[in-house]
Structure formats: structure tokens, C-alpha cells
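First listed ligand is number 1; within each ligand, the first listed atom is number 1.
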Amino acid sequence: MTDFTTIRQYNFPTVIRFGAGAIGELPGHLVANGLSRPLLVTDPMVAGLGFFEEIRRALEGKGISVEVFSDIHKNPVKSDVLKGGEAFAATERDSVVGIGGGAAMDVARAVVLRIHHRRDLFDYDDLIGGDQYVTEEVPYFITVPTTAGTGSEVGRSAIISEDDTHRKRILFSPKLLARIVFADPMLMMELPPFVTAATGMDALTHNLEAYLAKMFHPMCEGIALEGIDLINRSLAQAVHRPDIESRSRMLLGSLMGAVAFQKGLGVVHSLAHPLSSLLDTHHGLANAVNLPYGMRYNISGFEEKFGRIAQVMRLPGGDGEAVVERLFAFNVELGLPTRLREIGVKEEHIETLADLAYADFAHPNNPKPVSRKDFKKLYTEAL
Ligand SMILES: NC(=O)c1ccc[n+]([C@@H]2O[C@H](COP(=O)([O-])OP(=O)(O)OC[C@H]3O[C@@H](n4cnc5c(N)ncnc54)[C@H](O)[C@@H]3O)[C@@H](O)[C@H]2O)c1
Ligand SMILES: [Fe+2]
């Protein structure tokens with residue numbers, strides 16, 4: 001029973017400029033806001049791509065001084081952020097533009113925090129109440145996604161790992177929202193099939209977990225259902241025969257997933273995070289493999305919601321089992337593995353994985369509770 005006497009807060013604040021060619025507006029936007037010295041934060045791979053060079057040239061063409069910071073890890077760590085902060089200060093920057101996938105945008109967001117917040121970076125960890133220390137101004141922050149996956153471009157948090165243990169920590173503050181997002185599907189035209197598939201399944205996981213998460217938030221649920229539909233209809237095309245339409249739908253689906261998951265995530269993200277910590281598995285790939293197993297765990301007690309998902313996914317039979325089957329088949333169709341052993345997980349990893357998953361921040365929002373024993377069972381099933 002929903003308690004309608006409880007007062008809740010619903011936020012949808014980010015300005016998103018969406019569409020083919022939207023990146024062309026970046027130089028003018030900086031100039032219009034009196035900014036002339038951005039730090040472009042990206043990863044070493046994106047820094048070498050043709051479109052990145054074009055962005056740099058377009059900025060310089062407008063008389064903007066550009067500095068690039070790209071010295072980051074695949075699963076970013078604290079020292080990446082500290083180096084980025086030093087680069088910002090040493091070259092007297094006035095703004096931060098995060099260009100890339102979730103990894104680059106998360107580092108960019110954490111650098112934004114770092115500039116005027118000088119406590120130890122993990123003092124700002126949301127899980128220990130760190131957002132109370134986010135009291136100072138932050139530099140002007142812009143995001144430009146180049147994958148359709150994490151939706152970090154519209155997020156308020158940055159996932160950064162400890163250098164030594166690789167434990168993922170979550171830095172959060174509403175102040176860390178981008179002031180504007182330039183979401184341009186053309187930047188994704190050359191995204192390789194594997195990255196498209198893995199990041200796309202991350203976006204699908206966001207929408208599915210957000211729809212099911214236990215908080216009362218019908219607005220996010222509506223967005224999540226539409227996000228599921230967009231991704232279900234376009235991901236295979238984006239992987240195998242990419243065109244502007246499939247890239248655009250995927251970009252929207254990933255934006256929507258991240259908007260929706262302010263409602264919460266769930267068991268699948270908690271299964272996935274330890275794989276990145278322990279084995280450096282790509283975040284989207286880790287979600288993709290665990291997704292069918294985690295969804296199957298959630299069916300009982302939530303049959304009605306799974307019925308809605310099945311309907312949105314146009315599945316004859318229309319129940320939770322049909323959704324799970326579709327997710328297994330989806331991974332196969334996209335060329336992704338369906339078993340943990342295919343991504344290097346071994347039986348001896350399971351105890352540690354279960355410990356880490358149980359300690360993870362995502363599953364407390366799962367529609368039903370997940371015990372350490374449940375995590376162990378799920379990993380064993382998926383092995
Ligand atoms: N902040 C959040 O809300 C949030 C949510 C989920 C995940 N994350 C984090 O995001 C990270 C994963 O992000 P991701 O899935 O986008 O992967 P990623 O950023 O690691 O990018 C994947 C790969 O694709 C390459 N790439 C990116 N754009 C490209 C392009 N246009 N063309 C060709 N190659 C390109 C990158 O160089 C990289 O090698 C993880 O660190 C995860 O923890 C953050
Ligand atoms: Fe994710």
C-alpha cells in the first residue's frame with residue numbers, strides 16, 4: 001500500500017542538448033558563459049580518436065585555451081582524480097568538460113569536486129555521509145557522453161576505486177550535476193561492437209533495476225519502461241548495423257536509465273561491482289552476464305511488474321520467465337557471454353565476491369532483500 005501522506009522529492013534538472021551535431025554547440029556555449037580555459041577530461045583511448053581532435057580544433061578555433069587530461073585507468077582510481085586536480089590547478093583552468101564513457105566522466109566529476117574540497121577524497125564517500133562536506137563552489141562542469149551506457153553524464157555521483165584494494169567508492173552531491181550535457185549520437189558511430197553491446201546492456205540494466213527498485217517513484221518508472229523499449233528495439237542494430245537512428249535511440253535509452261536510477265538500482269549492480277574490483281571486468285559486461293540471473297531472483301512477489309516489462313519488450317507469454325529468457329538470448333545475439341566462467345571467474349573467487357557484493361551500495365534498493373547466501377547462490381548459478 002502506498003502511503004500518500006509521505007512527502008517525497010522528485011528531481012529532473014539537467015539541461016540536455018540532444019541530437020546529431022550537438023557537440024558543435026560546445027565552443028559557443030563556453031564563450032557565452034565567459035569560459036575560455038576548459039580542462040578536457042577523457043581516457044587515453046578517446047583522446048586518440050578523430051572526433052576528439054575535431055572537438056579540440058573547434059574549441060581552439062574560437063580562441064579557447066585547451067588542456068587535456070587523459071591519464072586514467074579503465075576502472076578509475078583515486079590517484080587519477082588527484083592528478084586531474086593538479087592538472088586543473090597547474091594550468092589555471094576555469095571549467096571541466098568530461099568527454100568519454102562512464103570512466104572519463106566519473107573522473108571529470110570527481111576532479112570537479114576535488115578543486116575546492118581538499119579533505120581526503122574518500123571523506124566525501126556518500127555511504128559515510130560524505131556529502132555533508134560538499135559545501136564549497138565547484139567549477140563549471142559540462143559532460144559529453146561517447147558511449148550509450150552508464151548515463152553518468154546526467155548523474156550526481158562518481159564511482160572511484162581505492163588504488164590498493166580496488167574497492168569502489170561513491171562520491172555524491174547534487175552539486176556534481178553537469179550544468180549542461182551535449183549528447184551527440186554521431187560521436188558513437190565508431191564505437192566497436194563489443195563496447196556498444198556491453199555499455200548498452202549496462203543501460204538496459206539501469207532501466208530494469210530502476211523500474212523494479214523499491215522506492216515509490218512512478219515518474220522514474222515511466223521513464224524506465226520507455227528506456228527498456230528503446231534499448232530492446234535498437235541495441236542489436238547498434239551492435240551489428242549501426243546507423244544514426246539506433247545510436248540515437250541507445251543514447252536516449254542510456255540517458256533515461258540514469259535519470260530513472262535516482263530511484264535506486266539493485267541486485268545486478270551489486271553482483272557486477274565486485275567483478276570490476278577483483279578482476280577489472282568492464283562494468284557493462286559484468287552487468288550483462290549477471291542480468292538474467294539477478295532478474296530471475298526478483299520475479300517472485302513482483303510478477304505484475306515483470307508482466308509490464310514483458311509487455312514493453314513485446315514478449316509473447318508475457319511473464320518474468322519470458323523476460324529472463326529474452327535477456328539470455330539478448331546476450332547471445334550481441335555476442336556477449338552468458339556465464340561467469342567465460343569472463344575469468346573461478347569457483348575460488350565466489351566467497352570473496354559474495355562478501356563484496358553483500359557490502360555493495362546498490363542492493364539495499366532491490367525490491368526484495370538479498371542476503372550474503374543469496375549472492376553466493378547467484379554467483380554459483382551464473383558460474
Ligand atoms: N556515475 C555513474 O552513475 C556510473 C554508473 C555506472 C557506471 N559507472 C562507471 O562508468 C565506468 C564504465 O563506463 P563505460 O561503460 O562507458 O565504459 P568506459 O568509459 O570504460 O569506455 C569503454 C571503452 O570504450 C572506449 N570508448 C569510449 N567512447 C568511445 C567512442 N566513441 N569510440 C570508440 N571507443 C570509445 C573507451 O576508451 C574504453 O576503452 C565504470 O568505471 C563504472 O564504474 C558510473
Ligand atoms: Fe551501471
Practice task
Enumerate the protein N/O/S atoms at a distance below 2.8 Å from the Fe ion (ligand 2), ignoring waters.
Solution key: Asp202 OD1, His206 NE2, His269 NE2, His283 NE2

Practice task
May I ask whether Met105 places a heavy atom under 4.0 Å from ligand 1?
Solution key: no

Practice task
State whether the shortest distance between N or O atoms of Leu187 and N or O atoms of ligand 1 falls below 3.5 angstrom.
Solution key: yes

Problem - Gly102 neighbourhood, listing ligand 1 atoms whose heavy-atom distance to it stays under 4.0 Å - result: 10 (O), 11 (C), 13 (O), 14 (P), 16 (O), 19 (O)

Fill in the blank from the handout: Min over Asn75, Ile159, Asp106 of heavy-atom distance to atom 9 (C) of ligand 1 lands on Asp106

Problem - Ligand-residue contact atoms, ligand 1 with Pro192, heavy atoms, under 4.0 Å - result: 33 (C), 34 (N)

Problem - Contact atoms of ligand 1, heavy-atom distance to Ala103 under 4.0 Å - result: 10 (O), 11 (C), 12 (C), 13 (O), 19 (O), 20 (O)

Practice task
May I ask you to list the atoms of ligand 1 that are less than 4.0 angstrom from any heavy atom of Pro76?
Solution key: 41 (O)

Exercise for the section: Considering heavy atoms of the protein only, find what lies nearest to atom 38 (C) of ligand 1 and give residue, atom and distance to 0.1 Å. Expected result: Asp43 OD2, 4.1 Å

Problem - Contacts of His116 that satisfy ring-ring contact (aromatic ring centres under 6.0 Å, His included) - sequence neighbours left out - result: none

Practice task
Decide whether an N or O pair under 3.5 Å exists between Ala104 and ligand 1.
Solution key: no

Completion exercise
In ligand 1, the atoms that come under 4.0 Å of a heavy atom of Phe51 are 31 (N)

Completion exercise
Taking only non-hydrogen atoms of Thr147 and a 4.0 Å limit, the atoms of ligand 1 in range are 16 (O), 27 (C), 28 (N)

Handout entry: atom 24 (O) of ligand 1 - nearest protein heavy atom and its distance
Key = Val195 CG1, 3.4 Å

